[in-house]
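Have a look at the structure below, then the notes.
Computation of the quantities below employed the complete heavy-atom set of this structure, encompassing side-chain atoms and omitting hydrogens, waters and symmetry-equivalent molecules.
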Amino acid sequence: MSLAHRTTPLDHFYALTARVYPALAGGTVISDEQCICAEQDNSAVIQRLYDTLQNAHPEAGMPYWSVRTWSLLVWQPVFLTVLGVHGAGVVPPLLQMRQKLGHGFVAGYDLPEDAWYAGAEDHLVEVGARTLRELCDTLLAELREITLLKPLSAMRLVADSVLAAISRLHEIRPDIDQQRQLKLAWIWLRAMDLEGQSALMPLPLPDGRTPLALDRKGCCMHYRRHDGDLCATCPKQKDDVRFARMKEELSHNA
């Protein structure tokens, strides 16, 4: 095999993450003007993202602009960390990761070939959780220089994203069953000091299946847009309404 056709560990990681979530486009070329990275001052880039959302949805108000900006900043690091630990046996170098800013979204990333951390899975969870929390704290501090966003609200959304990633691990690890996912959910949230801020729960459906559903405490504020509505999992709803909508959604996704 020629050198041009050899697959590197980094190539393998990019392929693995894209298989679970195609928008996770690793190896993306990112200019400095588009780059979000923990090791640099991101204030101008974050301000540009916030302003784009504000201009696109002026009716939604600051709660939506703030929360949406935050969700876009952290969704890739969360998924990459969980998939890296349980799918590739590594913690990616999050603090050196470069994320690509698009027009009103963040998608695409690049990682260096060094500074990856490998080890036993239980230890990787601890290292990954600690590194991810450090990155989130850094990005949140920068965002809070631009707009108001309560740390509790922000971290509840991080907890939701972590558990959403865990709920998809079976796509690359068929050996991770529901009981293991529930255990991992508890382990990750504890390691990130986010215990009780989100949960996965078994939800019995009329067809006899019992998939895991996200039991959220945070709100993404999408309902504030003129074209928005409360998500099926939104905690602003009464539990009976929320559970009924979640069951309907999960039944349709079978």
Could you go through the side chain to side chain contact (heavy atoms under 4.5 Å, CB included) check for Phe79 and Leu24 one step at a time?
CA-CA 9 Å; Phe79 268 81; Leu24 287 170; 4.0 Å; yes

So Val82 and Trp188, side chain to side chain contact (heavy atoms under 4.5 Å, CB included) or not? Walk me through it.
CA-CA 9 Å; Val82 174; Trp188 273 94; 4.3 Å; yes

Does Arg98 form a salt bridge (charged side-chain N to carboxylate O under 4.0 Å, His left out) with Asp32? I'd like the steps, not just the answer.
CA-CA 9 Å; Arg98 293 165 62 88; Asp32 290 341; 3.4 Å; yes

Check against side chain to side chain contact (heavy atoms under 4.5 Å, CB included), Val90 and Val85
CA-CA 5 Å; Val90 293; Val85 167; over 6 Å; no

Let's go through Tyr50 and Ser66 carefully: what are the C-alpha distance in whole Å and the side-chain angles of both, what is the deciding distance for side chain to side chain contact (heavy atoms under 4.5 Å, CB included) to 0.1 Å, and is it a yes or a no?
CA-CA 7 Å; Tyr50 184 87; Ser66 302; 3.9 Å; yes

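No path of Ile, Leu, Val, Met, Phe, Trp and Tyr side chains, each step under 4.5 Å between heavy atoms, connects Ile30 with Tyr14, placing them in separate hydrophobic clusters. The same ILVMFWY cluster, assembled from side-chain heavy atoms under 4.5 Å apart, contains both Trp75 and Leu95. At a threshold of 4.5 Å between side-chain heavy atoms, the hydrophobic network of Ile, Leu, Val, Met, Phe, Trp and Tyr places Leu72 and Leu148 in one connected group. In this structure, Leu140 is not a member of the same hydrophobic cluster as Leu152, with clusters built from ILVMFWY side-chain heavy atoms closer than 4.5 Å. No continuous path of ILVMFWY side-chain contacts below 4.5 Å connects Leu182 to Leu250, so the two sit in separate hydrophobic clusters.
A side-chain donor-acceptor contact under 3.5 Å links Thr17 and Tyr109. Using a 3.5 Å distance cut-off with no hydrogens or angles, the side chains of Asp177 and Gln181 do not pair a donor with an acceptor. Under 3.5 Å, the side chains of Ser31 and Gln34 contain a donor-acceptor pair of N or O atoms. A donor-acceptor contact closer than 3.5 angstrom is absent between the side chains of Ser198 and Arg216. A side-chain donor from one of Arg225 and Tyr64 sits under 3.5 Å from a side-chain acceptor of the other.
Here the side chain of Arg224 pairs a donor or acceptor atom with the backbone of Ala60 at under 3.5 angstrom. Between the side chain of Arg48 and the backbone N or O of Gly104 there is no donor-acceptor pair closer than 3.5 Å. Side-chain N or O atoms of Glu59 include one that pairs as donor or acceptor with a backbone N or O of His226 at under 3.5 Å. Checking side-chain atoms of Glu145 against main-chain N and O of Ser43 turns up no donor-acceptor pair under 3.5 Å. Remark: the backbone N or O of Thr233 is not paired with any side-chain donor or acceptor of Glu249 at under 3.5 angstrom. A donor-acceptor pair is defined here as one N or O able to donate and one able to accept, closer than 3.5 Å; no such pair exists between the side chain of Gln197 and the backbone of Ser153. Using modelled atom types, one side-chain atom of Arg173 and one backbone atom of His86 make a donor-acceptor pair closer than 3.5 Å. A side-chain donor-acceptor contact under 3.5 Å links Arg144 to the backbone of Leu149. A donor-acceptor pair under 3.5 Å is formed between the side chain of Gln40 and the backbone N or O of Cys35.
Minimum heavy-atom separation, Pro63 to Met221: O-CG, 3.7 Å. Here the shortest heavy-atom pairing between Trp186 and Glu195 reads NE1-OE2, 3.9 Å. Between Ala23 and Gln76, the shortest heavy-atom contact is O-OE1, 4.1 Å. The minimum heavy-atom distance linking Ser71 with Leu157 is given by the pair OG-CD1, 4.1 Å. The heavy-atom pair separating Ala191 from Ala129 by the smallest distance is CB-CB, 3.4 Å. Closest heavy-atom contact between Cys220 and Val67: O-CG1, 3.4 Å.
For the atom pair SG (Cys219) and NZ (Lys236), the distance works out to 5.0 Å, reported to the nearest 0.5 Å. Distance check, rounded to the nearest 0.5 Å: CD1 of Ile166 to CG of Leu214 gives 10.5 Å. A distance of 9.0 Å separates CG in Leu101 from CG in Leu73, rounded to the nearest 0.5 Å. Put simply, CD on Glu142 and CD1 on Ile36 are 9.5 Å apart, with the number rounded to the nearest 0.5 Å. The CD atom of Glu126 sits 8.0 Å away from the CD1 atom of Ile187 when rounded to the nearest 0.5 Å. In this structure, Arg68 CZ and Thr52 OG1 are separated by 12.5 Å, a value rounded to the nearest 0.5 Å.
Using a 4.5 Å heavy-atom threshold, the side chains of Trp70 and Val158 count as touching. Side-chain atoms of Leu163 and Leu189, non-hydrogen and from C-beta on, do get closer than 4.5 Å to each other. Contact annotation: the side chain of Ile176 never approaches that of His170 to less than 4.5 Å [non-hydrogen atoms, C-beta and beyond]. Counting only heavy atoms from C-beta outward, the side chains of Thr28 and Asp110 never approach each other to under 4.5 Å. At least one side-chain heavy atom of Met192 sits under 4.5 Å from a side-chain heavy atom of Leu132. Counting heavy atoms from C-beta outward, Pro77 and Gln99 have side chains that approach closer than 4.5 Å. Annotation: side chain of Leu111 is in contact with side chain of Phe13 (closest heavy-atom distance under 4.5 Å). The shortest side-chain heavy-atom distance between Leu83 and Leu169 falls under the 4.5 Å cut-off.
Salt-bridge formation is detected for the pair Asp215/Arg242: a Lys NZ or Arg NE/NH1/NH2 atom is positioned less than 4.0 Å from an Asp or Glu carboxylate oxygen. Salt bridge status for Asp207 with Arg209: present, with a side-chain N to carboxylate O gap under 4.0 Å. A salt bridge links Asp137 to Arg133: at least one charged side-chain nitrogen sits closer than 4.0 Å to a carboxylate oxygen. The residues Arg180 and Glu121 are annotated as salt-bridged, a charged nitrogen and a carboxylate oxygen being separated by less than 4.0 angstrom.
Taking the centre and axis of the six-membered ring of Tyr21, the NZ or CZ atom of Arg168 falls inside the cone set by 45° and 6.0 Å.
No more than 12 heavy atoms of other residues, nucleotides or ligands shown are found within 6.0 angstrom of CD on Glu113.
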